[in-house]
Amino acid sequence: MPLNLDTYLGVSAQALKVQSQRTEVLADNLANVDTPNYKARDIDFKAALAQAGSADAPLSLTTTTPGQIGGASASGGPDISGALKYRVPLAPSLDGNTVDAQMEQAAFADNTVRYQATLTFLSSRLKNLLTAITGQ
Amino acid sequence: MSSFKIFDIAGAGLSAQSVRLNTVASNLANADSVSGDPNTVYKARHPVFEAVKNAVAAQTLGANPGMRAADTAVRVRGIVESTAAPSERYEPGNPLANADGNVYSPNVNVIEEMTDMISASRAYQNNVEVMNTSKDLLLATLKLGS
């Protein structure tokens, strides 16, 4: 029976991509902590994972004219634009900035731990596979 | 690999915050640079930050580039000079004093500058932490399966 590596790795591979994009979004918020009128954003993880995991979303490039570059390929990851939401500010500042550095730091730490957990899952699955291959 | 963009974003944050620290240093260093003319006296400078869209992403994504993951970073839009009036004081012994014996000191608010410095320093540290954490995660990803 041939082994489909994508199926074997399960949802973890998709989750890793979404978590890596969430790291970018949170890094963005932290970089713009003092930018006037910048609105903090975050990824709705459940929606993003559903979108990334759907059959055609991650790799299909809808191009209308020849030579056009598809959206999903631009960042190399799955297109999760629908799951990207503006954060509801708890205490917006007068300059229109809605970044709360403490909340973003907490979210970043949370995302880091989740990323590491996903890596551990992936790693153990690959180790299982290696054990099966080497038979030791 | 898309994760490397974090280094660009955090790097842009570091650069912007270091410009802010530089202006604070400049303002504090010139807090007592008096002048005989209120128009030429040193004015407090402050950077204005701006979120920038990644040019490539904005071009290829068209419709709604603002809501794309990680297509922004930060940059310094410009440096504005404070328009607050410089304070005037009577000091006829000062060689820089004007005909009336007055000198003008810069409109630098030292307390404001110090708090600005703390804020910039914290934001800088945040960006460094983001970079360090991302680096650790990327290294862990490289070692996946071993």
Side-chain angles (χ1 to χ4, degrees), chain A residues 16-39 41 43 48 68-86 95 97 99 101-102 104-105 108-109 111-112 115-116 118-120 122-127 129-130, chain B residues 1-17 20 47-52 54 56-77 116 119-120 122-127 129-131 133-134 136-138 140-141 143-146:
Chain A
L16 199 68
K17 282 182 195 164
V18 175
Q19 276 156 351
S20 117
Q21 284 187 325
R22 184 159 183 242
T23 316
E24 284 177 39
V25 174
L26 296 176
D28 229 347
N29 290 344
L30 280 169
N32 282 293
V33 75
D34 292 307
T35 307
N37 292 318
Y38 180 84
K39 308 292 178 213
R41 301 174 303 175
I43 286 176
Q68 191 181 11
I69 303 168
S73 71
S75 71
D79 182 12
I80 43 99
S81 48
L84 197 56
K85 304 267 166 61
Y86 287 113
D95 63 0
N97 186 303
V99 180
Q102 279 71 38
E104 299 302 333
Q105 267 180 317
F108 194 83
N111 190 53
T112 304
Y115 188 94
Q116 278 168 336
T118 312
L119 271 187
T120 311
L122 272 177
S123 195
S124 68
R125 275 181 175 269
L126 289 173
K127 272 186 194 137
L129 199 60
L130 213 59
Chain B
M1 188 179 164
S2 67
S3 296
F4 285 107
K5 274 196 297 187
I6 299 172
F7 293 105
D8 295 342
I9 296 167
L14 289 181
S15 150
Q17 296 299 340
R20 191 167 163 214
V48 178
F49 293 162
E50 180 185 49
V52 280
N54 179 315
V56 178
Q59 202 183 347
T60 51
L61 296 168
N64 194 4
M67 287 300 283
R68 247 315 272 202
D71 60 348
T72 53
V74 64
R75 74 162 173 222
V76 178
R77 172 107 188 244
D116 210 28
S119 166
R122 291 281 180 269
Y124 192 97
Q125 285 169 9
N126 271 345
N127 280 301
E129 283 304 316
V130 165
M131 229 178 209
T133 309
S134 310
D136 288 347
L137 289 182
L138 279 179
T141 314
K143 283 191 237 144
L144 192 61
S146 65

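Quick note on labels: first sequence line is chain A, next is B, and so on, each numbered from 1.
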Between the CG atom in D34(A) and the CZ atom in R122(B), the distance rounded to the nearest 0.5 Å is 13.0 Å
Inspect the surroundings of CZ in R125(A) and state if more than 12 heavy atoms from other residues, nucleotides or ligands are less than 6.0 Å away.
yes
Quick one: closest heavy-atom pair of V130(B) and A27(A), and the distance?
CG1-CB, 3.6 Å
Here the gap from L122(A) atom CG to T141(B) atom OG1, rounded to the nearest 0.5 Å, amounts to 9.0 Å
Atom pair CG/CG of L16(A) and L144(B) - distance to nearest 0.5 Å:
7.5 Å
Nearest heavy atoms of S20(A) and I6(B), plus distance in Å
O-CD1, 4.4 Å
Write down the atom of S134(B), the atom of T23(A), and the distance for their closest heavy-atom approach.
OG-CG2, 4.2 Å
Of all the heavy-atom pairs spanning P36(A) and F49(B), show the shortest one and how long it is.
CD-O, 3.2 Å
Where on A16(B) is there a heavy atom nearer than 4.5 Å to chain A: the side chain, the backbone, both, or neither?
neither
Heavy-atom side-chain contact between V33(A) and N126(B) under 4.5 Å
no
Let me know if A12(B) has heavy atoms under 4.5 Å from chain A in its side chain, its backbone, both or neither.
neither
If you compare all heavy atoms of N127(B) against all heavy atoms of A31(A), which two are closest, and at what distance to 0.1 Å?
OD1-CA, 3.6 Å
Enter the distance from E24(A):CD to D8(B):CG here, rounded to the nearest 0.5 Å.
9.5 Å
Toward chain A, the part of R20(B) with a non-hydrogen atom under 4.5 Å:
side chain
Under a 3.5 Å threshold, yes or no: a donor from one side chain and an acceptor from the other, between D136(B) and Q116(A)?
no
